[in-house]
**Q** 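Quick one: structure below, then a few questions.
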Amino acid sequence: MNSSDPGQELRRIAVEVASAAAAQAAGWRTRGVEVSALKSSPTDIVTAADQATEAYISERLLAARPADGILGEEGDGIASSSGLTWVVDPIDGTVNYLYDIPAWAVSVAVVEGDPDPATWRTLAGCVVNPVTQEVYAASADGGATLNGRALRVSDRADLASALVATGFGYAATRRRHQAEVVLSMITQVRDIRRMGAASLDLCGVAAGRLDGYWERGLQPWDHAAGALIAREAGAVVGGLAPDSREGAAMTVAATPGITAALRAALSEAGAHLPPSDG
Ligand code: LIP
């Protein structure tokens, strides 16, 4: 590893591998995609492309850094002996990928410490949407870019004029509660978007295309890279409480001017609460 700036070297590896994997997945998409298995519910799908893309990413990463670990959405995980673990979502926005909706991405991050969002330190990350030819990247304290151009969050300071995004889980009981939260939020913001890929939602905040984003129930690979990119672009990223960390309980990312108001509105709406009947 380039000892002068390890973060930049890790960022380079993340960009190189995620970009190659995204191009491969886009090729498979063009030739047609089928569901290969179901996971947590009849709508929580995995395709052969998810599995093949993750295998390709793991192979490339371990060839470059054989002592690192892998935590991937579709794989069994590989323990780290270097203290670094690569956190991989081979195709984030799987349903969009299945339906050929151009809002899916390959997300690759590398973290230091235990592969646990509650404690890890993200060192570098990359999110690639090959359909829109957009490569988002960041390294810790190294800034965030989109296709090499520096990213900065919006300067929105009023929740009522903020464009925010969210997402929904795959379990019906959780989706109903999440819809109730949207019902509470929809009159307090400019509008709400549901893109279907957390990594692109987080990158949207980083790029100023969204003023905020929240979602409950994300997996580590959904947010690992996008959270770093958003944070390096100036977003406040964490859970619902100030100074809390993003994770499955709640992930909130927003431009600083609306963060407190967004968190307060989400708390009032019960966004952090489990579904009442499930
Ligand atoms: C997706 C997330 C998205 C969420 C979807 C789904 P996947 O991840 O990125 O934010 O709302 O329900 O979980 O399953 O496409 O990798």
**Q** Is it true that the side chains of Trp86 and Asp68 contain a donor and an acceptor less than 3.5 Å apart?
**A**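 Yes, side-chain donor-acceptor contact under 3.5 Å.
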**Q** Indicate the ring-plane relationship of His223 and Trp120, choosing parallel, tilted or perpendicular according to the 30° and 60° boundaries.
**A** tilted
**Q** Evaluate the salt bridge (Lys or Arg N to Asp or Glu O under 4.0 Å) criterion for residues Glu246 and Arg231: first the C-alpha distance (whole Å), next the side-chain angles of each, then the deciding distance (0.1 Å), finally the verdict.
**A** CA-CA 11 Å; Glu246 65 276 8; Arg231 193 173 278 121; 2.8 Å; yes
**Q** Should we say atom CG of Asn147 is surrounded by more than 12 heavy atoms from elsewhere, each under 6.0 Å from it?
**A** yes
**Q** Glu54 side chain to Glu73 main-chain N or O, any donor-acceptor pair under 3.5 Å?
**A**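 Pair found, side chain donor or acceptor close to backbone of Glu73.
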**Q** Passes side-chain contact (heavy atoms from CB on, under 4.5 Å), Glu268 versus Leu266? Steps please.
**A** CA-CA 5 Å; Glu268 181 65 26; Leu266 289 169; over 6 Å; no
**Q** Could you go step by step and tell me if Ser161 and Arg156 meet the side-chain contact (heavy atoms from CB on, under 4.5 Å) rule?
**A** CA-CA 8 Å; Ser161 61; Arg156 186 77 48 201; 3.2 Å; yes
**Q** Could you go through the salt bridge (Lys or Arg N to Asp or Glu O under 4.0 Å) check for Asp141 and Arg121 one step at a time?
**A** CA-CA 12 Å; Asp141 303 322; Arg121 179 173 183 260; 3.7 Å; yes
**Q** With rounding to the nearest 0.5 angstrom, report the OG to CD1 distance, Ser154 to Ile258.
**A** 6.5 Å
**Q** More than 12 foreign heavy atoms under 6.0 Å from CD of Gln133: is that the case here?
**A**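 Count not over threshold, so no.
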**Q** Is there a donor-acceptor pair under 3.5 Å between the side chain of Ser80 and the backbone N or O of Leu84?
**A** yes
**Q** Is it true that Arg216 and Asp222 have a side-chain N and a carboxylate O under 4.0 angstrom from each other?
**A**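 Between Asp222 and Arg216 there is no salt bridge, as every charged N stays at least 4.0 Å from the carboxylate O atoms.
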**Q** My understanding is that only one of Leu200, Asp92, Val135, Val106 makes a side-chain contact (heavy atoms from CB on, under 4.5 Å) with Asn129; could you say which?
**A**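 The side-chain contact (heavy atoms from CB on, under 4.5 Å) with Asn129 is passed solely by Leu200 among Leu200, Asp92, Val135, Val106.
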**Q** As a quick check of understanding, evaluate side-chain contact (heavy atoms from CB on, under 4.5 Å) for Tyr136 and Leu151, giving each step before the final call.
**A** CA-CA 9 Å; Tyr136 298 87; Leu151 287 178; 3.8 Å; yes
**Q** Calculate, to the nearest 0.5 Å, the distance between atoms CG and OH belonging to Leu163 and Tyr213 respectively.
**A** 14.0 Å
**Q** Quick one: do the Thr166 and Glu215 side chains pair a donor with an acceptor below 3.5 Å?
**A**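 Side chains of Thr166 and Glu215: no pair found under 3.5 Å.
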**Q** Going through the checks in order, is the salt bridge (Lys or Arg N to Asp or Glu O under 4.0 Å) test met by Arg209 and Glu134?
**A** CA-CA 14 Å; Arg209 295 173 177 170; Glu134 292 180 321; 2.7 Å; yes
**Q** Would Thr255 and Asp211 count as having a side-chain donor-acceptor pair, cut-off 3.5 Å?
**A** no
**Q** Output the distance between atom CD (Gln178) and atom CG (Leu183), rounded to the nearest 0.5 Å.
**A** 14.0 Å
**Q** Does the distance from a Lys or Arg side-chain N to an Asp or Glu carboxylate O, for Arg193 and Asp191, drop under 4.0 Å?
**A**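 Yes.
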